[in-house]
There are 2 protein chains.
Amino acid sequence: MKLTSKGRYAVMALVDLARFNNINPVSLRDISLRQGISLDYLEQIFSKLKKNEIVKSIRGTQGGYVLNKNPNDIKLTNIFHAVDEKVKTVQCKKESKRGCNGKATKCITHNLWDELEIHINTFFENKSLNDLLNNNKETRV
Amino acid sequence: MKLTSKGRYAVMALVDLARFNNINPVSLRDISLRQGISLDYLEQIFSKLKKNEIVKSIRGTQGGYVLNKNPNDIKLTNIFHAVDEKVKTVQCKKESKRGCNGKATKCITHNLWDELEIHINTFFENKSLNDLLNNNKETRV
DNA sequence: CTAAACTTGACCATTTTAGTCAGGTATGTA
DNA sequence: TACATACCTGACTAAAATGGTCAAGTTTAG
Ligand code: FES
Ligand code: FES
């Protein structure tokens with residue numbers, strides 16, 4: 001199981017954004033330089049973050065992005081959901097009654113994977129952007 | 001983040017194996033039929049499980065595989081390790097001092113991903129094959 | 001007017017996944 | 001001893017996912 005770069009970058013970028021949030025909109029170019037993430041890729045990511053109302057955009061010169069919510073109300077769950085970084089422990093369809101191998105009943109390990117999925121998601125639900133901020137607060141501008 | 005089929009299959013197959021373990025060696029063909037997993041793929045998986053001393057093989061007619069340890073002593077961690085299903089939340093090298101983007105220091109979210117990795121691995125360390133067995137015990141042969 | 005910065009969508013190389021295929025080799029049983 | 005069963009090994013591959021790049025816009029402060 002691995003975390004994709006998209007998810008990791010999204011969180012990195014938002015932490016960076018949150019640190020400078022109070023002052024001015026933050027341009028993707030700045031985030032790109034500070035965090036070493038491709039600008040083009042960041043644009044894809046922020047497009048999704050915006051659609052999910054996690055950030056707001058300000059166009060034009062001196063524009064950039066601003067958080068659209070209190071950092072306390074932005075959980076990792078929200079971020080991951082926005083960029084389609086989802087936890088998938090099973091192949092079988094949730095809705096369907098059929099198992100992962102197409103059989104009529106769920107397989108012998110299905111419950112285990114459900115447990116695992118909940119275990120991981122709990123972690124994401126309990127972490128807010130604010131939690132991350134406190135560990136890395138930038139005192140200077 | 002998603003769990004790969006290899007990891008899922010390995011656990012499915014071992015649970016299946018464990019259920020019939022006491023009686024006779026279990027052939028991959030049987031597991032393949034019961035669990036709906038490709039025989040050829042199972043062979044790859046069991047080759048690794050054997051190298052890691054989780055199962056023993058018995059060749060020839062009426063042969064098959066048997067658990068090499070007490071089901072209580074086979075944790076998910078061991079199984080996943082055997083089949084190279086590893087939890088990877090970061091891109092940066094563990095040993096290296098460098099960050100994920102090649103910078104000199106670890107990035108602002110590095111600690112978070114470490115926490116996450118530990119969180120997930122804890123789940124795997126606390127689940128044994130026996131735990132899974134009890135939920136799905138087959139009473140008949 | 002123009003440069004900075006967001007916006008959109010297409011495109012693509014590489015890697016990983018989830019297998020298949022084609023050969024073996026060992027051994028219990030008839 | 002023949003033979004069927006079942007393990008063993010390595011090469012190969014189609015399809016999907018990943019991690020981007022590239023091109024061509026639009027908006028707006030100064
Ligand atoms: S994982 Fe859901 S049926 Fe196998
Ligand atoms: S994840 Fe380790 S440095 Fe970014």
What nitrogen or oxygen pairs link the protein and nucleotides 27-30 of chain D at under 3.5 Å?
{"unit_1": "dT27(D)", "atom_1": "O4'", "unit_2": "Arg59(A)", "atom_2": "NE", "d": "3.4"}
{"unit_1": "dT27(D)", "atom_1": "O4'", "unit_2": "Arg59(A)", "atom_2": "NH2", "d": "3.4"}
{"unit_1": "dA29(D)", "atom_1": "N3", "unit_2": "Thr61(A)", "atom_2": "OG1", "d": "3.3"}

Does Thr4(B) have a side-chain nitrogen or oxygen under 4.0 Å from the phosphate oxygens OP1 or OP2 of dT16(C)?
-> no
5' precedence on DNA chain C between Tyr65(A) and Gln91(A) (nearest-nucleotide basis) = Tyr65(A)
Can you tell me the distance, in whole Å, between the CG atom of Asn24(B) and the P atom of dC7(D)?
-> 13 Å
The reported gap from CG in Leu132(B) to CE in Met12(B) (rounded to nearest 0.5 angstrom) is 12.0 Å
Out of dA17(D), dG19(C), dC7(D), which has the shortest distance to the side chain of Tyr41(B)?
-> dG19(C)
Would you mind reporting whether Asn24(A) and Gln62(A) have side-chain heavy atoms less than 4.5 Å apart?
-> no
Among Leu129(A), Val55(A), Ile54(A), find the residue that satisfies the side-chain contact (heavy atoms from CB on, under 4.5 Å) test when tested with Leu17(A).
-> Val55(A)
In sequence, state the C-alpha distance, the side-chain angles, and the governing distance for Ile108(B) and Arg19(A), and then conclude on side chain to side chain contact (heavy atoms under 4.5 Å, CB included).
-> CA-CA 11 Å; Ile108(B) 47 180; Arg19(A) 287 160 116 183; 3.3 Å; yes
Taking atom P of dG19(D) as reference, at what distance in whole Å does atom NZ of Lys88(B) sit?
-> 10 Å
Report yes if the side chains of Lys6(A) and Lys48(A) come closer than 4.5 Å at any heavy-atom pair, otherwise no.
-> yes
By a strict heavy-atom criterion of less than 4.0 Å, which residues belonging to residues 46-58 of chain B are in contact with DNA chain D?
-> Lys50(B), Ser57(B), Ile58(B)
Give me the other members of the hydrophobic cluster that Val66(B) sits in, counting Ile, Leu, Val, Met, Phe, Trp and Tyr linked by side-chain heavy atoms under 4.5 Å, directly or via other members.
-> Ile58(B)
Proximity to the side chain of Ser5(B) - top-ranked nucleotide from dG19(C), dT7(C), dG20(D) | dG19(C)
Would you say the side chain of Gln44(A) and the base of dT7(C) hold a donor-acceptor pair, judged only by whether the two atoms sit under 3.5 Å apart?
-> no
Side chains of Tyr9(A) and Thr109(B): closer than 4.5 Å at any heavy-atom pair?
-> no
Just how far, in rounded Å, is P of dA22(C) from CG of Asp40(B)?
-> 10 Å
Separation of Ile45(A) atom CD1 from dG20(D) atom C1', in whole Å?
-> 10 Å
Could you give the CG-to-P distance, from Leu39(A) to dT8(C), as a whole number of Å?
-> 15 Å
Let me know which of His110(A), Glu117(A), His119(A) forms a side-chain hydrogen bond (donor to acceptor under 3.5 Å, both in side chains) with Thr89(A).
-> Glu117(A)
Whole-Å distance between dT15(C) C1' and Lys6(A) NZ?
-> 16 Å
